[in-house]
Amino acid sequence: MSLRHQLEQAFVKHFAKTPELTVQAPGRVNLIGDHTDYNQGFVLPAAINFATYIAASKRNDNKVRVLAIDYGEQLAEFELNNIHFDPKRMWLNYVAGTVQALAKSYPNIQGADIAVTGTVPQGAGLSSSASFEIALIKAFAELNQLAIDGVQAALIGQQAENDFVGCNCGIMDQLISALGRENQAMLLDCRDLSVQYATLPQDMTLLIINSNVKRGLVDSEYNVRRAQCEQVARYFNQPSLRQVGLHMLKQAETELDPLLVRRARHVITENTRTEAALKALQQSDIKAMSYLMADSHRSLAEDFAVTTPEIDYLVELIAKTLGTQGGVRMTGGGFGGCVIALTPQAMVEAICQVIERNYQTHTGLKASIYLCQATNGAFRQNN
Ligand code: GLA
């Protein structure tokens, strides 16, 4: 039985009616451009074929009932005009936060019965929460016939994270979950939210390796990095690091704290690499992509300091086998999580073997490997 079908059955069992609709929104992997989104920079993610699925029906009152299949079929409910943070049920806060943010722009939305399940690995840095928010917005938009586009949906999802859940994230995860395209990567300019797409080479896969490193301090360290970047932008009297050039940073090197210089250098050089990566993909120049991804990883490890020894080891291990026939780097926020290897199909087997043979012996952890394709976002328009 398909997951969608199971979800619909669970909905019927708990709510004693068939759902009006079932929607889905994908998780994401970022090919290059990390810790640039909240600096108004460039990112180059792809939506992946892991998703959050929601079955839903509209209600005639303002009650929202939620059935969380993956949390032991827990059932919770709240009223649209009485939304509170629940420290005990984090999963529910995503619903409450998203609905609250949505209701700010669309105060007339009605209540709903919702069942949710998903395949995006949680806590792996593949944006299970953004995909949850985007799926919720999609469901409410369809139930209430709201004309929401992908950018609006992403902004509402981000607002839920920033204002309700308490995560100071950028816009990348929500926007790619909304506007991703099948077989394509998406360059997003986080300054004006414009997008460009590049087709991924047909014979290559998105091989994602989960280090299974327990991610601690993610939020606090993320916020520290963000504050450091903002401090440098302020020093230059600029709204963000996007307006700061490498030459400006070099000139100020003697005056700025060396740690801040490294943080800003990562962001500025990563923006250049990310734009170059779009061109490399458009020209199917895998060798160039390979170098760009390697430089990005180095910069995230040395200048931005968001990798762990296990992640660095995985990247080094895979790079040895991949050479310049593909690219490999950490992906997402860092401090554990996943590595992305843009891999020729013919080399997938060899890469998996090299990981199986070495990773656990070296780190004591077992990696999980996901073979992914780029898929459509939940708000993808047909054009
Ligand atoms: C997390 C955040 C994103 C982005 C990445 C790093 O995934 O949610 O907004 O900042 O980290 O690139």
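On a predicted model such as this, the values are computed, not experimentally measured, just so you know. The chain is numbered in sequence order, starting from 1. For ligands, and for the atoms within them, numbers begin at 1 and follow the listed sequence.
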Given a heavy-atom cut-off of 4.0 Å, could you list the residues near ligand 1 in chain and number order?
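Arg28, Asp34, His35, Asp37, Tyr38, Cys169, Gly170, Met172, Asp173, Tyr222, Gly332, Gly333.
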
Check the side chains of His362 and Tyr359 for a donor-acceptor pair under 3.5 angstrom, ignoring hydrogens and angles.
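Checked: Tyr359/His362 side chains show no N/O donor-acceptor pair below 3.5 Å.
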
For residues 317-339, which side-chain N or O atoms pair as donor and acceptor with protein atoms under 3.5 Å away, sequence neighbours left out?
{"unit_1": "Arg329", "atom_1": "NE", "unit_2": "Ser296", "atom_2": "OG", "d": "2.9"}
{"unit_1": "Arg329", "atom_1": "NH1", "unit_2": "Asn30", "atom_2": "O", "d": "3.1"}
{"unit_1": "Arg329", "atom_1": "NH1", "unit_2": "Leu31", "atom_2": "O", "d": "3.2"}
{"unit_1": "Arg329", "atom_1": "NH1", "unit_2": "Asp34", "atom_2": "OD2", "d": "3.4"}
{"unit_1": "Arg329", "atom_1": "NH2", "unit_2": "Asp34", "atom_2": "OD2", "d": "2.8"}
{"unit_1": "Arg329", "atom_1": "NH2", "unit_2": "Ser296", "atom_2": "OG", "d": "3.3"}
{"unit_1": "Thr331", "atom_1": "OG1", "unit_2": "Asn30", "atom_2": "N", "d": "3.0"}
{"unit_1": "Thr331", "atom_1": "OG1", "unit_2": "Asn30", "atom_2": "O", "d": "2.7"}

Does any part of the side chain of Thr36, heavy atoms only, come nearer than 4.5 Å to the side chain of Met172, both counted from C-beta?
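SC-SC contact between Met172 and Thr36 ruled out.
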
Salt bridge check, Arg273 against Asp295: does any charged N sit closer than 4.0 Å to a carboxylate O?
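A salt bridge is absent here (no side-chain N lies under 4.0 Å from a carboxylate O).
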
Exercise answer: donor-acceptor pairs, residues 11-19 side-chain atoms, under 3.5 Å, sequence neighbours excluded:
{"unit_1": "Lys13", "atom_1": "NZ", "unit_2": "Glu73", "atom_2": "OE1", "d": "3.4"}
{"unit_1": "His14", "atom_1": "NE2", "unit_2": "Glu73", "atom_2": "OE1", "d": "2.8"}
{"unit_1": "Lys17", "atom_1": "NZ", "unit_2": "Asp113", "atom_2": "OD2", "d": "2.7"}

Which side-chain N or O atoms in residues 239-249 pair as donor and acceptor under 3.5 Å with protein atoms at least two apart or in another chain?
{"unit_1": "Ser240", "atom_1": "OG", "unit_2": "Asn39", "atom_2": "O", "d": "3.4"}
{"unit_1": "Ser240", "atom_1": "OG", "unit_2": "Arg242", "atom_2": "N", "d": "3.1"}
{"unit_1": "Ser240", "atom_1": "OG", "unit_2": "Gln243", "atom_2": "OE1", "d": "2.6"}
{"unit_1": "Arg242", "atom_1": "NH1", "unit_2": "Gln40", "atom_2": "O", "d": "2.8"}
{"unit_1": "Arg242", "atom_1": "NH1", "unit_2": "Asp189", "atom_2": "OD1", "d": "2.8"}
{"unit_1": "Arg242", "atom_1": "NH2", "unit_2": "Asp189", "atom_2": "OD2", "d": "3.3"}
{"unit_1": "Gln243", "atom_1": "OE1", "unit_2": "Ser240", "atom_2": "N", "d": "3.1"}
{"unit_1": "Gln243", "atom_1": "NE2", "unit_2": "Gln40", "atom_2": "OE1", "d": "3.4"}

